[in-house]
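What follows is a set of notes on a single structure, which appears directly below.
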Amino acid sequence: MSFLLIHPPLVKPCEAPPGLAVLAGALGSRSIPFTILDANIEGILYLISLGSPVSDTWTKRALRHRAENLNAMRRGKLYANLDRYKRTIADLNRLLQVQGMKQGIHISFSDYQDGSRSPVRSDDLIEAYRHPEDNLFYPYFEERIPLLFDRFAPRTVGFSINFLSQALTAFAMIGYIRSRVPSVTIAAGGGLITSWMRNPCWSDPFSGIIDILVDGPGEGPLVELSGKEFTTGDQVPDYSALPLPSYLSPGFIMPFSASRGCYWQRCSFCPERAEGNPYAPLPPLETAQNLGKLTQFWDPALIHIVDNAMSPALLEAIVRNPPGAPWYGFARISELLAEPDFCVALKQSGCTMLKIGLESGSPRVLEEMDKGITLETASKALHILKKAGIATYCYLLFGTPFEKEEDAKMTLDFVVRHHESIGFLNLALFNLPAYGPDAAFLELNSFYEGDLGLYRPFRHPRGWERPAVRAFLEKRFKRHPAIAPIIRRDPPFFSSNHAPFFCMTGMT
Ligand code: SF4
């Protein structure tokens with residue numbers, strides 16, 4: 001049994017896909033033959049390498065500077081000059097954008113949308129499967145996949161599908177492979193597949209297309225498919241089969257996962273909670289030590305800890321066993337992050353940036369969503385992290401069922417009061433998980449997005465509807481003189497994935 005594992009387009013092409021590195025580790029350690037195709041980075045670079053169907057001044061300039069811009073993205077110097085970085089990204093992105101124009105496809109470094117097909121309608125995905133030639137990446141994978149089959153003759157092809165932006169191309173690739181090698185076994189897993197399968201109304205619309213759908217972690221099912229035994233917790237990620245020099249970052253960003261699920265698991269809007277994903281951490285001390293060993297071996301420019309929330313135990317273990325390279329990840333506001341000595345030690349361990357789900361500046365909203373944080377602690381933590389030299393990437397959520405306009409104004413006031421301590425901001429409009437416990441208490445709208453939709457529109461119980469929230473964000477929040485500079489320094493398309501490099505060059 002040999003495997004071909006595919007990471008389909010499109011996700012931000014700045015780092016190795018963490019899921020495939022874990023699968024590679026699990027298969028490799030049991031001597032199960034496999035090969036990996038990161039079709040995301042390869043496909044994006046392929047599109048950028050093509051001639052342009054349009055010839056306006058911008059596109060001509062983007063074509064002329066294509067090679068030097070790609071090189072610049074992979075060197076640290078660019079990340080010391082935000083304006084140059086933004087120009088470089090915009091020019092490269094233009095080359096993607098123009099390729100999509102003739103087919104009505106909106107493509108960028110962070111998204112793929114087909115004007116005529118939706119990734120949340122199974123009928124549309126089946127059409128994408130039946131007509132792979134409609135996909136923008138078709139010329140790339142039609143050339144690439146036969147080479148891999150000729151060389152490795154895989155019996156099973158596994159797709160790792162984590163985001164909606166990957167779904168249409170994944171199905172097009174599956175359709176192409178099926179038409180060429182009907183006998184091959186097709187497996188698909190990843191975050192998006194898991195979310196679909198956790199829907200209580202799930203009834204597999206893809207039988208005859210995908211042979212094995214994996215709900216949850218994929219390493220166990222893949223190892224067992226090859227007739228070998230799998231034990232949870234003994235897998236170490238392996239990045240060697242991934243095209244590390246190709247990614248658009250100044251050095252290797254090493255993704256690393258220390259847990260699945262979330263140790264808090266209580267925020268009422270959270271898809272992790274709605275899907276009932278169990279919390280499964282690796283032992284913190286051992287994990288921190290393993291991270292150190294991996295860092296020594298792979299010598300990354302940056303470690304990305306991809307956990308939903310790093311537990312306090314993990315943070316403490318990393319402080320005691322610094323990995324030996326700069327790192328960043330998601331952490332919840334806690335008393336620990338409001339301790340000056342601890343934050344200094346965290347910085348010394350290599351912590352460059354923490355992503356923090358602050359969500360709201362209204363104490364009532366925080367309490368009703370069971371966020372488990374207070375604004376007093378958040379305020380202290382933001383100041384202390386800033387003082388310790390750790391940048392914060394703060395996530396705010398507007399339009400939750402608990403929020404009124406006055407609450408959104410409190411969030412604005414909180415951010416204004418703390419603008420000097422906040423490195424970056426992510427502003428999101430609330431989406432109601434379609435099948436979570438919260439949906440039961442709300443009046444749902446009948447708008448039908450598709451049978452695979454992850455969210456449900458609802459009537460806001462306090463009349464704070466999406467258009468009003470959007471207007472508040474655009475006209476008041478983002479334009480506030482203390483907030484506008486924070487919004488402007490967000491790296492376009494790559495956002496938090498590239499933000500730590502700007503922190504390292506002293507921009508925040
Ligand atoms: S901390 Fe984050 S991942 Fe955990 S429950 Fe809250 S929103 Fe979900």
Side-chain angles (χ1 to χ4, degrees), residues 18-19 162-163 190-192 194-195 198-199 216-217 255-282 284 287 304-316 318 328-338 346 351 353-375 377-378 381-382 385 390 392-403 407 411 414 422 424-442 454-456 495-497:
N162 292 289
F163 300 98
L192 182 64
T194 300
S195 296
R198 296 274 164 97
N199 173 345
F256 181 83
S257 164
S259 70
R260 287 189 160 117
C262 170
Y263 75 93
W264 178 249
Q265 233 168 4
R266 279 166 56 180
C267 303
S268 61
F269 53 83
C270 176
E272 285 295 319
R273 174 175 173 257
E275 288 169 16
N277 294 327
Y279 179 50
L282 298 172
T287 303
H304 178 188
I305 297 177
V306 297
D307 297 28
N308 287 311
M310 295 174 71
S311 68
L314 179 64
L315 291 172
E316 287 184 289
I318 288 181
Y328 80 104
F330 245 117
R332 291 185 64 246
I333 292 279
S334 67
E335 290 297 336
L336 199 59
L337 295 185
L346 204 59
C351 180
M353 186 181 91
L354 286 180
K355 299 201 280 178
I356 288 181
L358 180 61
E359 321 302 0
S360 175
S362 158
R364 185 188 54 76
V365 169
L366 289 176
E367 201 179 315
E368 288 193 25
M369 65 167 64
D370 208 359
K371 190 70 199 164
I373 63 176
T374 66
L375 288 175
T377 312
L382 288 175
L385 286 166
I390 297 172
T392 47
Y393 201 114
C394 292
Y395 287 68
L396 299 175
L397 190 57
F398 293 88
T400 60
F402 321 106
E403 193 182 62
D407 298 300
T411 306
F414 183 89
I422 293 174
F424 304 91
L425 278 173
N426 177 290
L427 313 178
L429 252 73
F430 175 72
N431 284 315
L432 177 71
Y435 300 97
D438 308 308
F441 304 104
L442 293 164
L454 301 173
Y455 303 106
R456 280 294 296 271
S495 56
S496 65
N497 298 72

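Atoms within a ligand are numbered from 1 in the order they appear, just like the ligands themselves. Along the sequence shown, the residues carry numbers beginning at 1.
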Look only at the side chain of Thr377 and the backbone of Ile373, and say whether a donor-acceptor pair between them is shorter than 3.5 Å.
no
Which of parallel (below 30°), tilted (30 to 60°) and perpendicular (above 60°) describes Phe269 and Phe430?
perpendicular
Tell me, please, if Cys267 has any N/O/S atom, main chain or side chain, under 2.8 Å from atom 8 (Fe) of ligand 1?
no
Please classify the Arg332 to ligand 1 contact at 4.0 Å (heavy-atom distances, strictly less than): side chain, backbone, both or neither.
side chain
Within 6.0 angstrom of Phe330 CZ, more than 12 heavy atoms from elsewhere:
yes
Considering only heavy atoms, which of Ala309, Cys262, Gly357 lies nearest to atom 3 (S) of ligand 1?
Cys262
Show the atoms of ligand 1 that are less than 4.0 angstrom away from any heavy atom in Asn308.
3 (S)
Which residue and non-hydrogen atom of the protein lie closest to atom 8 (Fe) of ligand 1, and at what distance in Å?
Cys270 SG, 2.3 Å
Distance only, no hydrogens: is a donor on one side chain within 3.5 Å (strictly under) of an acceptor on the other, for Ser195 and Glu275?
yes
What atoms of ligand 1 come within less than 4.0 Å of a heavy atom belonging to Arg266?
5 (S)
Please lay out, stage by stage, how Tyr328 and His304 fare under the test ring-ring contact (aromatic ring centres under 6.0 Å, His included).
CA-CA 5 Å; Tyr328 80 104; His304 178 188; 4.4 Å; yes
